[in-house]
Amino acid sequence: MSSGSDFSDDDRPLGAPNGSPNGRDHVNGHGHVPGQHALSASMSDDEGMSLSTSVPSRTLKRKKPIYAESSSESSEDDTPLASSPAKHATSVAIPMPGAAHATTVPTSSANGKSKAKNKASKAEPSDEYAEEGAPKRKRPVVKKEGAKPTKKKMKQESLSDDDDRGPTRKPSAPRKRKTKDESDAGSSGDEKPLAKKLAGKKARVSKAKEEPDLRKAEKSSGKSEKEGANGSPVKGKGRKKEKEEEEEVFRWWDADAQDGSVKWQTLEHNGVIFPPPYEPLPPHVKMKYNGKELDLPPAAEEVAGFYAALLESDHAQDATFNKNFFDDWKIVLKKHPPRDGTKVTTFGNCDFRPMFEYFEAEKAKKKAMSSQEKKELKRIKDEQEQKYTMCLLDGRKEKVGNFRVEPPGLFRGRGDHPKKGALKHRVRPEDIALNIGEGAPIPVPNMPGKWKEIIHDNTVTWLATWTENVNNNHKYVFLAAGSSLKGQSDMLKFEKARELKKHVDRIRQSYNADLKSKVMADRQRATVMYFIDKLALRAGNEKGSDEADTVGCCSLRCQHVTLEAPNFIIFDFLGKDSIRYYNRVPVEPQVFKNVRIFKENKDDDDNLFDRVNTTGLNKHLQSEMEGLTAKVFRTFNASITFQRLLDENNLENATLQEKLNAYNKANREVAILCNHRRTPPKTHEQSMEKVRDKYRGLKYDRMKLRHVLFKIDKKFKKNAEYVDDESDIDDDWIIAHEESLSAKEIEKAEKKFAKENEKLTEDGGEPQKESVLRERIADIEADFAALAKERGTEQAEMKREKPVEKIQESISKLTEKIKAAKLQIIDRDEGKEVALGTSKINYLDPRITAAWCKIHDVPVEKLFSKTLIVKCMFLPSVVLYLESFVRFTVPWALEVEEDWKF
DNA sequence: TTCGGGACTTAGAAGAATCACG
DNA sequence: CGTGATTCTTCTAAGTCCCGAA
């Protein structure tokens, strides 16, 4: 796909609107529109849809509107483009590209009024399913029972024009699809999988069927043994039992398909490692309360220390953080009061500084240790942790991921999480459940206590779990990213995304048709799909009031989207991790219209899509393609865009560096698409200034050379090549620059002088007189004085005569350098808040990179860090090869043929 | 139909290691 | 050969999605 789309990148920009609620100001800078498909929707005007969604459901959770200002309520047709957009909208939009392909197949169903659209489109494609190679579905189809029942078709909401209007359901229980329009979808969904299965593999079918039952049985019976017994025979096939000695590479990707539910047959591990107990501070380190030293018992001191350590961080400036910390600390203090009976009641009277300073000093001390000592310390630590790092999974040694139990501390929620600052308790063995193979030795905790529970569940991959006290979230210990388990599911993920390629045209047609559906729920869902597909937005589950207020596609509220006629939508909301998403994009007129309708009669903090939620959306997606969920679109979009961008380059005679740049550029585009950001390093501005200075220096040098030419002959001024003005270096800068140059030269001269003298004395000679140095300095100063004179004259003298051609040559060389420097500056500045890692690790199919490296003869190590490579391989023995060379590696992704395409 | 439990992926920040370079 | 910048790894928060009970 993606044929044509040209990505113009010149539009970057966007002025960042200020004031993001939580203080961060990330802005997605560009108007990139991702998916380049075209929606062929014929824009027939929809018959006057009068559906107004009247009743805005109030979102339960939302307490206070965050973006109060956003002017959004548009009620009339005409969009507001008023002020607000203008404000933000510096950005430029990029036209949605390509329009061609998907379109080609007009489907009958596309015609407007039919509400049954789903059906129609579904039917036709059936052949597609058949062709599918039938990869093993990991997610067992299982649950089909669920689907079936729905047959009920209730349908209400038909949008007959008015009545439906609504959505009527205003109830506060908002949206949530009440309707089941999905029913049809359900049914069709059913058949699909079937077809697939049939087409697919024989054995598989039976397996799939069986599994569910199996699984169920297992679950209910709990740890029962039989599951093991049952399970293994089924899938067994003897494969895993092969003699492979542990260091031999297990090529799971070649091995027989794994079933989704049973994850392992045998599992041995050493549990988790607990952090060392709290060590009280030396007696001379005491925080103060009301100016007096506070003598705290260890338990209370420990908590105070958590806070003290953050004293200079942003957290300590955060009111919520401080309050939550203080509340929790007071609870601890009640149990462990200061020894002198002081009552700690006011946060403002606390002075944690002494503790902070002690920590800083300790840090400095540690840093000052010799590298010998540091190494020794590290060795000891590694030794202690050694046994936790690996486990035995089906007889193979595999790396464990986070085997260190999270130490106690203050909860660092992102954005404005209502619980940030709360005390996270120390986790004890009593809190932890271990999952381990039956019969495997039970590890002994490295601190006093007994495990909460030992289970033997081979349908899950975790080794240990506990519940964290602040949010009651579950924490797990899993295998490392490079393990077979993770590798497998990673590969499945990408295969699923690739599968979407085959269905995406049809899916787009179908949602395009639905954009005009008379059923409000369908129309909203289609609109949601349009955004998810084009902008790679996240699904957007509902969130609770005790979490930060962030949204995804389904949970967008009216305040998050602004319409700008004729066809722009401005998104401005906080997404995952409270990262701001800002994007101004052109959309299909129908989408524009829909959003206008959806916003009608709603308040800013009402849900934009009041009839859609992620569950319903995913259910629908499943009916379009087995295993399809909203997040698959993100993976698909990222990888396919990446592949396309890489393919667009012509790297015929490119140098290695140019190739790497091209790769990184593509990577960055994807990161931007997915809105992956980072806060620029504190030092960014400063290092930016340095680069800019270098750039100006080059420009200065070139200017001087030009002036030399001008002096030789005025005619050069006419030469277009030399007219370049130095608009980016002003007089002040020139003066400063010349001064610094002169200072540098003098310093150099002094050093040289000193060195010469040293040598002379060494050889038994006499040192030179000071006057020699003074003379040299005078010369330098004279040179610079001459330069000062030249300022503004457009004429310059050359210290050493050079033929004109040489000068011209130097100028063009400088011009090149200047261009490169400029690019580098832009690059760096634009990249300052884009994080490339996340997409590289999670969204870009590593096989794209592997194949690309093969074609262009680029060593993978230049692009993938060691851990990333390991992720594509996963066995230690393989990793060793890596050091010597990638030829021998057998990571699942690195084995691809060079013509492999996503 | 909602709700919450559960398991697993995705995410940016913080910390550690390595690099570049004066 | 330190040291400041850059890159990689670790840490754990915050999502997605599924499931089953009420």
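Reckoned from all heavy atoms, side chains included, excluding hydrogens, waters and symmetry mates. Here is how names work: the chains are called A, B, and so on, in the same order as the sequence lines, proteins then strands, and each is numbered from 1.
Expressed to the nearest 0.5 Å, how far CD of A:Gln488 lies from OG1 of A:Thr461 amounts to 11.0 Å. Between atom NZ of residue A:Lys631 and atom OG1 of residue A:Thr614 there is a gap of 13.5 Å, rounded to the nearest 0.5 Å.
At a threshold of 4.0 angstrom between heavy atoms, the contacts of A:Gly552 with the nucleic acid are absent. Among the protein residues, A:Lys424 comes within range of the sugar-phosphate backbone only, with heavy atoms under 4.0 Å from sugar or phosphate atoms but none that close to a base. Heavy atoms of A:Gly540 sit under 4.0 angstrom from primed sugar atoms or phosphate atoms, though from no base atom. As judged by a 4.0 angstrom heavy-atom cut-off over every strand, A:Asn541 is placed among the base-contacting residues.
For the OP1/OP2 pair of C:dA14 and a distance below 4.0 Å, the side-chain nitrogens and oxygens of A:Thr550 include no atom meeting the criterion. A sub-4.0 Å separation between OP1 or OP2 of C:dC17 and a side-chain N or O of A:Thr629 is present. Between B:dA11 and A:Arg634, a contact under 4.0 Å exists linking OP1 or OP2 to a side-chain N or O. Look at A:Lys543 and you'll find a side-chain N or O under 4.0 angstrom from OP1 or OP2 of C:dG15. Distances shorter than 4.0 Å separate some side-chain N or O of A:Arg404 from OP1 or OP2 on C:dC11. At B:dA11, none of the side-chain N or O atoms of A:Arg677 fall inside 4.0 Å of OP1 or OP2 (strictly under the cut-off). Applying the 4.0 Å criterion to OP1 and OP2 of C:dA14, one finds that A:His417 has a side-chain N or O inside that range. Taking only side-chain nitrogens and oxygens, A:Gln622 comes nearer than 4.0 Å to OP1 or OP2 of C:dC18.
Counting to the nearest Å, the C1' atom of C:dG15 and the CD atom of A:Glu547 are 9 Å from each other. Across the protein-nucleic acid pair, A:Leu423 atom CG and C:dT12 atom C1' stand 16 Å apart, rounded to whole Å. Atom P of nucleotide B:dA11 and atom OH of A:Tyr581 are separated by 13 Å, given to the nearest angstrom. Distance A:Glu468 CD to C:dG15 C1': 15 Å, rounded to the nearest Å. The separation between A:Leu410 atom CG and C:dA13 atom P is 11 Å, rounded to whole Å. Atom CG in A:Leu377 sits about 12 Å away from atom P in B:dA16, given to the nearest Å. Counting to the nearest Å, the P atom of C:dC11 and the NZ atom of A:Lys475 are 12 Å from each other. Computed from coordinates, the A:Asn471 CG to C:dT12 C1' distance equals 12 Å when rounded to whole Å.
A cation-pi arrangement, defined by a distance under 6.0 Å to the six-membered ring centre and an angle within 45 degrees of its axis, is absent between A:Lys840 and A:Phe864.
Between A:His315 and A:Phe325, the gap from one ring centroid to the other reaches at least 6.0 Å. Between A:Phe494 and A:Tyr843, the distance separating the two ring centers is not shorter than 6.0 angstrom.
When only modelled atom types and interatomic distance are considered, A:Gln657 and A:Asn661 share a side-chain donor-acceptor pair under 3.5 Å. Using a 3.5 Å distance cut-off with no hydrogens or angles, the side chains of A:Asp431 and A:Thr467 do not pair a donor with an acceptor. No side-chain donor-acceptor contact under 3.5 Å links A:Glu542 and A:Ser555. In this model, a donor atom of one side chain and an acceptor atom of the other lie less than 3.5 Å apart for A:Thr550 and A:Lys543.
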> A:Arg634 and A:Cys674: side chain to side chain contact (heavy atoms under 4.5 Å, CB included), yes or no, with the steps?
Replying inline: CA-CA 8 Å; A:Arg634 239 168 112 79; A:Cys674 296; 3.8 Å; yes

>> One character per nucleotide, please: for nucleotides 4-9 of chain B, 5' to 3', B when the base has a protein heavy atom closer than 4.0 Å, S when only the sugar-phosphate does, - otherwise.
In response: -SBBBB

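The 5' end of DNA chain B is approached more closely, in terms of each residue's nearest nucleotide, by A:Cys674 than by the other of A:Lys363 and A:Cys674. Nucleotides of DNA chain C nearest to A:Gly575 and A:Val405 differ in position, and the one nearer the 5' end is that of A:Val405.
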What nitrogen or oxygen pairs link the protein and nucleotides 17-21 of chain B at under 3.5 Å?
none

Return the polar atom pairs (N/O with N/O) between nucleotides 5-9 of chain C and the protein under 3.5 Å, or none.
from: C:dA5; atom 1: OP1; to: A:Gln686; atom 2: NE2; distance (Å): 3.4
from: C:dT6; atom 1: OP1; to: A:Arg828; atom 2: NH1; distance (Å): 3.0
from: C:dT6; atom 1: OP1; to: A:Arg828; atom 2: NH2; distance (Å): 3.3
from: C:dT9; atom 1: OP2; to: A:Ser865; atom 2: OG; distance (Å): 2.7
from: C:dT9; atom 1: OP2; to: A:Thr867; atom 2: OG1; distance (Å): 2.3

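Among the nucleotides B:dG12, C:dT16, B:dA14, the one closest to any side-chain atom of A:Ala539 is C:dT16. Side-chain atoms of A:Asp577 lie closest to B:dG12 of the nucleotides C:dC18, B:dA14, B:dG12.
Other residues, nucleotides and ligands contribute only 12 or fewer heavy atoms inside 6.0 Å of the CG atom of A:Asp314. Atom NZ of A:Lys374 has more than 12 heavy atoms from other residues, nucleotides or ligands within 6.0 Å.
Aromatic ring orientation, A:Tyr476 versus A:His474: perpendicular (interplanar angle above 60°, classes split at 30° and 60°).
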